[in-house]
Visitor: 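One structure is given below, represented as structure tokens, and several questions about it will come after.
Both counts, for ligands and for their atoms, begin at 1 and track the order of listing.
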Amino acid sequence: MTEDILYSIRNLTVEYRTRAGSVQAVDNVSLDIRRGEILGLVGESGCGKSTLGKALMRLHTGPARITNGELWFDGRDLMTLSDREMPDVRGAEIGMVFQDPMTSLNPVQKILDHLTETIHTHEPETSAAAARTRAEELVERLGIRRERLNEYPHQMSGGMRQRVMISLALALRAKLVIADEPTTSLDVIVEAKFLDLLRELQKEFGLTILLITHNIGVVAEVADRVAVMYAARMVEVGDVRDVFADPKHPYTQGLLRSVPNIKLDGGELYKMDGAPPSLLHPPKGCRFHPRCPFAMGICSVEEPSLDAVENDHLASCWLYRDVAVKQEARNG
Ligand code: SF4
């Protein structure tokens, strides 16, 4: 693992048991998260992006379990840590912000207690006064007046609760924040402010952020790089400017064409044909082939690996493989 990579995910598979049978909700996914970047993870509902986010904290319980892979976080393989060791990593080193913070905040506990309790759990030597001062400074940095620390979660707006979740991660100087659909429940004005805040925190604290969203427009706003998932697999990864200017994978091309655009000027918005496959019976080969306008013979037979197409720009697509395949596409 090179110095600038904070989290290296290798061949990760997460199995999910449903009544109808087991599915691989994340299937053999590899991805690097670089120190100090905002990495946007996008894809349609059910593609596995939230399952991947939880797996990075080994948060799976019940029907989900990691069946394969390595999770190298800051030099340690988290898969080798015991269940008793993991809580020290969660919260202290990796913070998580969910779509609905009410599910993570205790409704009968004041915001101040959330913060001081978190600090004392991971740093028992910190005095009560020092923990309080840290909590006050943090929330003020995030634009919440310190008096509001005495309020309960339900007394705050959705945007404020999201900021409280971030302050919990910052209270322990977490190295990575995983934000799962953090703006979905916010209106556009609050969303814009929240995205600005993420950018500021990234710069000020050198924070690394994995931003999971179905909204590719949000990724365009704040991310440095983008990773695109389709049907439990990673299909494209690259610098956000490169991917938006020249998307390589036909699925990413379709996603970008489906984004509402002011230049459309009343024209029809593009709609991708078909729907993502059931993970109970995923198609053989490239999982996108039943919907792909460029599908070739090989696409339904063999799965292309995720390889560099240009420098740092990776795509899993036969269109960018050997000359014979390209020839088939041209003749096709
Ligand atoms: Fe389309 Fe084939 Fe590329 Fe899959 S591998 S995206 S089916 S061209």
Visitor: Going by the order shown, which atoms of ligand 1 are within less than 4.0 Å of some heavy atom of Cys292?
Guide: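 Answer for ligand 1: 1 (Fe), 6 (S), 7 (S), 8 (S).
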Visitor: Could you tell me which atoms of ligand 1, counted from 1 in the order shown, lie closer than 4.0 angstrom to a heavy atom of His249?
Guide: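 Reading through ligand 1 atom by atom, the close ones are 6 (S).
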Visitor: Against heavy atoms of Leu319, which atoms of ligand 1 measure under 4.0 Å?
Guide: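 That gives atoms 8 (S) of ligand 1.
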Visitor: Over 60° means perpendicular and under 30° means parallel, so tell me whether Tyr230 and Phe288 are parallel, tilted or perpendicular.
Guide: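 Plane angle over 60°, so perpendicular.
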Visitor: When you measure from atom 3 (Fe) of ligand 1 to each heavy atom in Ser316, Ala295, Cys317, which option holds the nearest one?
Guide: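 Residue with the shortest heavy-atom distance to the ligand atom: Cys317.
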Visitor: Report the relative orientation of the aromatic rings in Tyr152 and His154; use parallel for angles under 30°, tilted for 30 to 60°, perpendicular for over 60°.
Guide: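 Parallel, since the angle between the ring planes stays under 30°.
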Visitor: Do Glu200 and Arg141 meet the salt-bridge criterion of a basic N to acidic O distance under 4.0 Å?
Guide: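 Yes, charged N to carboxylate O under 4.0 Å.
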Visitor: Less than 4.0 angstrom from a charged side-chain N to a carboxylate O is my criterion; do Arg76 and Asp74 meet it?
Guide: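 Salt bridge between Arg76 and Asp74, a charged N being under 4.0 Å from a carboxylate O: no.
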Visitor: Quick one, Pro304 and Cys286 - any side-chain contact, counting heavy atoms below 4.5 Å?
Guide: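 Pro304 vs Cys286: side chains touch.
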Visitor: Could you tell me which non-hydrogen atom of Ala55 sits nearest to which non-hydrogen atom of Val14, and how far apart they are?
Guide: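 In this case the closest contact between Ala55 and Val14 is CB-CG2, 3.9 Å.
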Visitor: Mark up the atoms of ligand 1 that fall under 4.0 Å of a heavy atom belonging to Cys286, in ascending order.
Guide: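 Matching atoms, with element in brackets: 4 (Fe), 5 (S), 6 (S), 7 (S).
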Visitor: Show which atoms of ligand 1 fall inside a sub-4.0 Å distance from at least one heavy-atom site of Trp318.
Guide: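 Here the atoms of ligand 1 in question are 3 (Fe), 5 (S).
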Visitor: List ligand 1 atoms under 4.0 Å from Cys299, heavy atoms only on the residue side.
Guide: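 Matching atoms, with element in brackets: 2 (Fe), 5 (S), 7 (S), 8 (S).
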